[in-house]
Number of protein chains: 6
Amino acid sequence: MSQKITIGKLALLIASLSDEELQAFRSTLDDVAFCQGKVGSMNLQKVISAVETAAKRNRIIHDSLYRETHALYHAILEGIDGVTRGHPSIGEMSRTVGLRFSIVRGRPYKDPDEGEWIAVAFYGTIGAPVKGAEHETFGLGINHI
Amino acid sequence: MSQKITIGKLALLIASLSDEELQAFRSTLDDVAFCQGKVGSMNLQKVISAVETAAKRNRIIHDSLYRETHALYHAILEGIDGVTRGHPSIGEMSRTVGLRFSIVRGRPYKDPDEGEWIAVAFYGTIGAPVKGAEHETFGLGINHI
Amino acid sequence: MSQKITIGKLALLIASLSDEELQAFRSTLDDVAFCQGKVGSMNLQKVISAVETAAKRNRIIHDSLYRETHALYHAILEGIDGVTRGHPSIGEMSRTVGLRFSIVRGRPYKDPDEGEWIAVAFYGTIGAPVKGAEHETFGLGINHI
Amino acid sequence: MSQKITIGKLALLIASLSDEELQAFRSTLDDVAFCQGKVGSMNLQKVISAVETAAKRNRIIHDSLYRETHALYHAILEGIDGVTRGHPSIGEMSRTVGLRFSIVRGRPYKDPDEGEWIAVAFYGTIGAPVKGAEHETFGLGINHI
Amino acid sequence: MSQKITIGKLALLIASLSDEELQAFRSTLDDVAFCQGKVGSMNLQKVISAVETAAKRNRIIHDSLYRETHALYHAILEGIDGVTRGHPSIGEMSRTVGLRFSIVRGRPYKDPDEGEWIAVAFYGTIGAPVKGAEHETFGLGINHI
Amino acid sequence: MSQKITIGKLALLIASLSDEELQAFRSTLDDVAFCQGKVGSMNLQKVISAVETAAKRNRIIHDSLYRETHALYHAILEGIDGVTRGHPSIGEMSRTVGLRFSIVRGRPYKDPDEGEWIAVAFYGTIGAPVKGAEHETFGLGINHI
Ligand SMILES: [Mg+2]
Ligand SMILES: [Mg+2]
Ligand SMILES: [Mg+2]
Ligand SMILES: [Mg+2]
Ligand SMILES: [Mg+2]
Ligand SMILES: [Mg+2]
């Protein structure tokens, strides 16, 4: 891989590992900005908003620049494509999600002109709105920012 | 989570971690059957076949039972949905993938009647058919088997 | 066809034929478990729930096993793909459905190890939320269970 | 249902019933134009062409009018959505189909101004390119013509 | 192009040009029926209804014929596919639209037997539900009527 | 609209207007970089490549920066979503396209920090691979670059 920092892999580890498990990877997080959060909902709009709010509150993206909101939004949607496997819809399809998510911003490529990129990862469960009737799900979106 | 073994998380770690990084998680792999492989192609059919062949060669699924082939096939397709984010097509969309994949089969739920499930994970790059013009991608599919 | 019982064809006949028309096929229903129901809605979640509820109430699936709920859910979604032709959404797309549905569970294959499979069929109308402004629609989903 | 002739139901019966089974419905076919055919392929283009060719050869549609070709094409695609459940692709997704199809043209509505409509139905199997590793599939498309 | 009147191009110009800019094309509008309108919403159902209502109020389509409602509906959905790029959903995906739309009905082909066709175009913005956080979007749908 | 330059509208005009018709809009093109081209094919990969090649040859994007290739690629795909209305596939779906396309790069927003954005527009015909059996189609994609 021609990338020096794999922001996607970092995002998926932050979203899926426990704090203890993540210790081994802590040093690789020094060169990126990141945050994490949790959201459980039957409402896709709330899932998207939770990530956008976390990104702004933790200053991963510039609050007032649409350019950055746009880059993040499409990365979120690509992650949602993985979580929902084809149909970006939750409650309407009679299912619910319980997700941890992470956002990682950094410079993955050696060439400095490639600039900054953003990764959004989701890990958790998707299933019927009944406790335990669920299986794991994962999604990763990547965009230039 | 009501699951005792998270086969999806194991699959994503096997697909994305180096051998060295995976050491810390080795003991958790004792209770599942798994295999891994690599495939690079502009042809989606070859990606699907690579996973199916690995699953059969490593006896993760029963070669002669369509039931098991069917369970694996839909898990692969769900993983491909994550990799391709909505459009399960590679070369036709002028892009190529270089992927590591893993297949994990086990009993995730405490209730033994929930039986066996299978997880398929992909991690690698997707991009233009030009060296370096690519970013990371990930996909996870899960099914009962 | 290598199948001895075509559960999909049985499901489509139960969903679309009148009781009288179905008489000729009654004997072929002896080797399967099945039920039928009706649902009219602009809300996809209600359509999915109607099928799940009928399956549980008629003991076509095991109420407390997620494994069986999962198999049924994906069969329903595949049937909905046929009904909605690509976009699993009803009211949001300003359309409504009036559907009869059927669920058939049986052993389609000669090899007993292929085990049980489930078919879900929908037949009815889809159209504008105006009486008569509608045409026929059909969907069939099949899964191992 | 406000329709006097259910061309969709006729199409699905022609595509899925044996000649013997279809006898009971013969009289209802008097008021429509219809034809049937078979196609087995990993190539979606061949499936579409088989239906178009049958429609023209049997004079179900006007060979030289694009208007009629267009109406038929979209009905075929809607039927393919049911057959492929969301992703209109066969060989690229490492699967093959063996299908019987039917085309029915008639006047379903009581109001003569509603004019002619066309239905396309597919019934058969979809699965891995290995004999027996397949399950049933169905699709129905309807359009004004 | 074998068409004498490009109803799609006329629709896109009506939807996107100012009254002043449209002057240069006025004469080409003499041979078609058309109307225009505006709609801003996070609710896809409202967008679809706005176009349907405008079409009926301006007598572009026959109010009481389902045949014409059906032709228009599928043209609208094809236009929405362009606006939403793949996922016909707005508010649920945490985005909002502000759109001008146009409907053009005419006889595009030289051969009079090709009859009437309808074009629906949308032009405006799509983005986050925050003022200014949006970019342009466009969609065009065409159908025989 | 909070944009001072509507790059999407410029792209759609360049793709759809004749040279003569475009004269009236020439002055508005002074503040953007743009190019145009033509492509006819049953092969989606060729359509995508034609746009990428034109963008590089006309120096609309930086040849050696993946960041710019990535921004353009996603803008092209969004335009293709409009052209193909939901299924980014041409020949496999037994259809062909004849398209003019345009690429416009500029600074649409008043705030200089919003930086550069890119628009890709397609206008032409889609239809059966038979002369004249086709209707108009349009697609527009927009991305930050
Ligand atoms: Mg990308
Ligand atoms: Mg599932
Ligand atoms: Mg299947
Ligand atoms: Mg319809
Ligand atoms: Mg068309
Ligand atoms: Mg965008």
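Order of the sequence lines fixes the chain letters, A, B, ..., with proteins taken first and strands second; residue numbering starts at 1 for each chain.
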Contact list for residues 7-18 of chain E, test side chain to side chain donor-acceptor pair (under 3.5 Å), sequence neighbours left out: E:Lys9-F:Glu21, E:Ser18-E:Glu21

Chain F-proximal positions within residues 29-55 of chain E [heavy-atom distance under 4.5 Å]: none

F:Ile61 side chain near F:Lys56 side chain, heavy-atom distance below 4.5 Å: yes

Contacts of residues 85-109 of chain F with chain E (heavy atom under 4.5 Å): F:Arg85, F:Gly86, F:Tyr109

Check: E:Phe122 and E:Thr137 side chains under 4.5 Å, non-hydrogen atoms: no

Contact class of E:Ile7 relative to chain F, heavy atoms under 4.5 angstrom: both

Point-to-point distance, once rounded to the nearest 0.5 Å, from CD of E:Glu136 to CD of E:Glu134: 10.0 Å

F:Trp117 and F:His144 aromatic ring geometry - parallel, tilted or perpendicular at 30°/60° bounds: perpendicular

pair F:His135-F:Thr125: side-chain heavy atoms closer than 4.5 Å: no

Note, F:Leu17 side chain near E:Phe25 side chain (heavy atom, < 4.5 Å): yes

Side-chain (E:Asn58) to main-chain (E:Ile60) donor-acceptor, under 3.5 angstrom: no

Region of E:Leu13 in contact with chain F, defined by heavy-atom distances below 4.5 Å: side chain

E:Thr84, part contacting chain F, at a heavy-atom distance under 4.5 Å: neither

For chain E, which residues of residues 62-75 of chain F have heavy atoms nearer than 4.5 angstrom: none

Side chain to side chain contact (heavy atoms under 4.5 Å, CB included) between E:Thr6 and E:Thr28, intermediate numbers included: CA-CA 9 Å; E:Thr6 49; E:Thr28 63; over 6 Å; no

Interatomic spacing from CD1 in F:Ile80 to CG in F:Leu140 - rounded to 0.5 Å: 12.0 Å

